[in-house]
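To start, the structure itself, in structure tokens.
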There are 2 protein chains.
Amino acid sequence: MTPKNNYCYDYPRPALTVDCVIFGYDASDLKILLIKRGIEPFKGHAALPGGFVREHETLDSAAKRELMEETNVSNVFIEQLYTFGNPGRDPRGRVISTAYFALVKREDYIVIAGDDAAKARWYSVGAIPPLAFDHAEIVEMALNRLKGKIRYQPVGFELLPEKFTLSDLQHIYEAILQKKLDKRNFRKKIDKTELVIRLNEKEKGVAHRAAYYYKFDKKKYENALKKGIYFEI
Amino acid sequence: MTPKNNYCYDYPRPALTVDCVIFGYDASDLKILLIKRGIEPFKGHAALPGGFVREHETLDSAAKRELMEETNVSNVFIEQLYTFGNPGRDPRGRVISTAYFALVKREDYIVIAGDDAAKARWYSVGAIPPLAFDHAEIVEMALNRLKGKIRYQPVGFELLPEKFTLSDLQHIYEAILQKKLDKRNFRKKIDKTELVIRLNEKEKGVAHRAAYYYKFDKKKYENALKKGIYFEI
DNA sequence: TATCTTTGTGTTATAATTACACTATCAAAC
DNA sequence: GTTTGATAGTGTAATTATAACACAAAGATA
């Protein structure tokens, strides 16, 4: 794990980290997962989960590893967001951080007994505490990216369990876009995509809810992508 | 210029560079600016202009500096694209590169007599030669980003001189979106944005062209942005 | 002044968007 | 098991956006 680099020029060598903005949806609310820092600087502050990129690791796999360590979920939507590298963003020296954002299904999320996860907590995006480093800026950018993305990619499903109600899906759209949507028009649009199927058997609703369940047809989506179909929801 | 870093952990310290995908528009063609590498590795290959991030420099200012060195233009549209950090992308050792993409007005571009610029050349996006490192991947991503962006942000104007013909603007859209557009429908859409004004006096056309000139109303655009108006063109 | 190239313009059919109110179903409390 | 409260589910009409289509006017050049 010692630094090794054959590069012939003698330029600054910053430390390289990844930080993850992990979104989840729960109780009609869009949330992000934050940890409480155990060490200085910013000891006690909330911060994005993240860590150093290892020697033989791609940025993507470093981000996936951090996500896995924190949430114990794999096979989730994860995408590079932006790279933050202002000198002075970390008081200890120059640290470049490539931020990722991930969408996880809360049902898959497992609380780990270990050090890291014990400090992790979900916060509603409307009530995020002051964050360490430049993490507030990172979160803001992630929210904007998500807002832009949901217009043309059906990312809402990544936050829901396999079976869900259309109202839940609508709530996600409302939480991300920050505006109320008309129920019938929303359903019309979802119908149009043909990506959501209503389950045949009437299943029992969730607690305190009267609801049918729906399912996202991921195969249909992937086939449509191959044909180059462009989704606007 | 010696590496300096007080970071308390002992992790790999990659070298950090920026690479710029510089777009220009000329002769009804979308082009990018490439340099010819003078040193190994990939000596003689075409590559994206770029270089090391300096010690007290932000990523943005490193990208702007590289752009300035290469094209001698400032005050242009430039935006971070993506960060490439696979181990092995540079045979000399671990190099992280944050890619930027820029849109320049060809009229502002000045050929510099010095080393760097003498090796620079514009290539049509349809005829890009084999590139050094993973630069082909970077260019591809920049093209896709531009394609996505032009749908909701009037970036086409960044590639045109102050006064332009609507046909030129349409050609840019066609080059970026890679499809033919209907002239009357295109003009209807442009009219709807109210961002383009036809110049009062009929000005002489460019050589071999019969044309009126139009102008992009940047102030109107910025005011609209402040009001939160969302442009789809 | 003739010729060639490019500009500029309107209508109609189809599709998408918006706005809007009531009944049916389920779950829980009594 | 009946009542009550909460949520799910449904259609239509007016407006707006999109797509398809052809020819005359203006400028540049020879």
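So you know, we letter chains A, B, ... as the sequences are listed, proteins then strands, and number each from 1.
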Check each of A/Lys64, A/Met68, A/Arg65 against A/Ser74 using the side chain to side chain contact (heavy atoms under 4.5 Å, CB included) test, and report the only one that passes.
A/Met68
Atom-to-atom span, CD1 of A/Ile190 to P of D/dA8 - whole angstrom
15 Å
Which part of the nucleic acid, if any, lies within reach of A/Lys183 when heavy atoms closer than 4.0 Å are counted: base, sugar-phosphate only, or nothing?
base
Backbone N or O of A/Asp168 within a donor-acceptor pair of the A/Thr165 side chain at under 3.5 Å?
yes
So, does A/Ser167 get its side chain near the phosphate of D/dT7, meaning an N or O under 4.0 Å from OP1 or OP2?
no
Protein-nucleotide distance (B/Phe164, atom CZ; C/dT7, atom P), rounded to Å
13 Å
Does B/Arg121 count as lying over the ring of B/Tyr123, i.e. NZ or CZ under 6.0 Å from the six-ring centre, within 45 degrees of the axis?
yes
Atom pair distance, as rounded to whole Å: CG in B/Leu181 and C1' in D/dC21
15 Å
Would you mind checking if B/Glu174 and B/Lys180 are paired as a salt bridge, meaning a charged N to carboxylate O distance below 4.0 Å?
yes
Report all interatomic pairs (protein N or O, nucleotide N or O of nucleotides 11-15 of chain C) with separations under 3.5 Å.
from	atom 1	to	atom 2	distance (Å)
C/dT11	O4	B/Lys188	NZ	3.0

Please check if any side-chain donor atom of A/Arg151 sits under 3.5 Å from a side-chain acceptor atom of A/Tyr173, or the reverse.
no
Test for a donor-acceptor pair under 3.5 Å between the base of D/dA8 and the side chain of A/Arg184, counting only N and O atoms.
no
What's the CG-C1' distance between A/Asp168 and D/dA8, to the nearest Å?
12 Å
Is there a side-chain contact between A/Glu66 and A/Glu69, using heavy atoms and a 4.5 Å cut-off?
yes
Quiz question: by atom type and distance under 3.5 Å, do the side chains of A/Asp29 and A/Ser124 form a donor-acceptor pair?
yes
What is the distance, to the nearest angstrom, from the CD atom on B/Glu232 to the C1' atom on C/dT17?
13 Å
Is the shortest side-chain N/O distance from B/Lys189 to OP1 or OP2 of D/dA17 below 4.0 Å?
no
Return the value, rounded to whole Å, for the distance between atom OH of B/Tyr213 and atom C1' of D/dG27.
12 Å
Could you state the atom-to-atom distance from CZ of B/Arg198 to C1' of D/dA26 in whole Å?
10 Å
State whether A/Arg187 places a side-chain N or O below 4.0 Å from either non-bridging phosphate oxygen (OP1 or OP2) of D/dG9.
yes
Rounded to whole angstrom units, what separation is found between the CG atom of A/Asp191 and the C1' atom of D/dG9?
11 Å
Pick base, sugar-phosphate or nothing for B/Tyr214, based on heavy-atom distances below 4.0 Å to the nucleic acid.
sugar-phosphate
B/Asp182 or B/Lys192, whichever maps to the more 5' nucleotide of DNA chain D
B/Lys192
